[in-house]
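Just below is one structure, and these are the notes that go with it.
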Amino acid sequence: MSGGSELREDVRGWFARRTWQPVPWSAAQLFEAKRGQTVSVVLPALNEEATVAGVVEAVRAAGPLVDEIVVMDGGCTDRTAQRAAAAGAKVIGLAEALPGVEPRPGKGEVLWRSLAATTGDLVVFVDADLVEVGPEVVVGLLGPLLTEPQVQLVKGFYRRPLRLDSVEQRSGGGRVTELMARPLLARFAPQLSGVVQPLGGEYAARRALLEQLPFAGGYGVEIALLMDTVRRAGLDAIGQVDLGVRKHRNRDLADLGVMASEILAVVLDRAGVDEEPQPVDLVQFAEAGSSAGSSAGSSVRPEAGGGWHPVVRTVARSGRAPIEQVLTSS
Ligand SMILES: O=c1ccn([C@@H]2O[C@H](COP(=O)(O)OP(=O)(O)O[C@H]3O[C@H](CO)[C@@H](O)[C@H](O)[C@H]3O)[C@@H](O)[C@H]2O)c(=O)[nH]1
Ligand SMILES: O=C(O)[C@H](O)COP(=O)(O)O
């Protein structure tokens, strides 16, 4: 292991200027600072019936700071939509958000379409699988946007417990962040290495920025937004706030392998290394009788036989052009 180097000067300066810990604003102060601006909070949700209502209630507790709460139904087959609506959110389906544009799978697609389904000048994204969450998520993320005109994108950061098989470790979450995203940023976008949680699903931005950025289709969406924002607007357009502790549904390693592959493809694209990537067959291994990953979006083709067998999951990079191009042409 190597170590002991200094933080880059640009990163050290940015971290000092653009990191807020702890969050210094109250909801009431920020409500005053809105001055006519409106706020939409978007919860992307794919089968989150166990948690979505709790997240909606947490956002509602931010009071009049928030003008609309939209749960984007990413194709749920459970009771997410009913529970979100009962908790007070507007629920919008993918096709409804952008009629005439065929929906594609993936989280980035859900977020991209949410821009067509909402109107706020400021847009806050909060994952729908969070547990033990409160209004400070929204308050914290809006603070820099409402008080620092130069800031355009605000990422949340937190301590991340890891909860597997009903056992909770105090930290250890953010496995893809530590093993894939951070090493990739160090190599291809080191000016972003001061971002504590580059993959975090809790962030806010000015609509004017989001509508002008392309959106990666799957789980590459967050790292792409970071890389595209810094290229377009510079490091000081990004801020980050300490949101305390974040607990969510921790996926299994096989699913995270797919997520990591999607992130790799997006970073290589943005870095100009692999701008026209072909779909990749990610080969993972499962023991007979177990399931290697369970999420939708990738093809799973277990081979016959006992013992260990390969499971092939195809990872294709997809993405959308800036939504302003769609909205202005329709
Ligand atoms: O096709 C999808 C996939 C996910 N989601 C929703 O998006 C949120 C986050 O998805 P999840 O699968 O729980 O992601 P994580 O394992 O938590 O991954 C982390 O890292 C990802 C890559 O940066 C981010 O997209 C996530 O927000 C971030 O929490 C949840 O509300 C999902 O229901 C969709 O709506 N559609
Ligand atoms: O952000 C990440 O690194 C991935 O979502 C994985 O998170 P987890 O290790 O907390 O499940």
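Keep in mind it's a predicted model, so treat the numbers as computed, not measured. Each ligand, and each atom within it, is numbered from 1 in the order the structure gives. Position 1 is the first residue of the sequence; numbering continues from there.
Heavy-atom proximity to G173, at under 4.0 Å, picks out these atoms of ligand 2: 9 (O), 10 (O). Within ligand 2, the atoms closer than 4.0 Å to a non-hydrogen atom of T177 are 1 (O), 2 (C), 3 (O), numbered from 1 in the order shown.
Proximity annotation for atom 11 (P) of ligand 1: of R175, M72, R251, R251 comes nearest, heavy atoms only. Nearest to atom 9 (C) of ligand 1 by heavy-atom distance, out of V221, V126, D127, is D127.
The hydrophobic cluster around L164 extends to L162, counting ILVMFWY residues whose side-chain heavy atoms fall within less than 4.5 Å of a member.
Take E211 and apply the side chain to side chain donor-acceptor pair (under 3.5 Å) test, not counting sequence neighbours, and it matches R207.
Below 3.5 Å of separation, one finds an N or O of L199 facing an N or O of ligand 1. Between L162 and ligand 2, not a single N/O pair is under 3.5 Å apart. For ligand 1, the polar-atom distance check against I263 finds no nitrogen or oxygen pair separated by under 3.5 Å.
Of the heavy atoms in A128, both backbone and side-chain atoms come closer than 4.0 Å to ligand 1. Only the side chain of H248 comes within 4.0 Å of ligand 2, judged by heavy-atom distances. Counting heavy atoms under 4.0 Å from ligand 2, residue E178 does not touch it at all.
Remark: minimum distance from atom 35 (O) of ligand 1 to any protein heavy atom is reached at A45 N, 3.3 Å.
M259 is connected to F188 through a chain of hydrophobic side-chain contacts under 4.5 Å among Ile, Leu, Val, Met, Phe, Trp and Tyr, so both are in one cluster.
Contact check on K107 versus E222 returns a salt bridge, with a Lys/Arg side-chain nitrogen under 4.0 Å from an Asp/Glu carboxylate oxygen.
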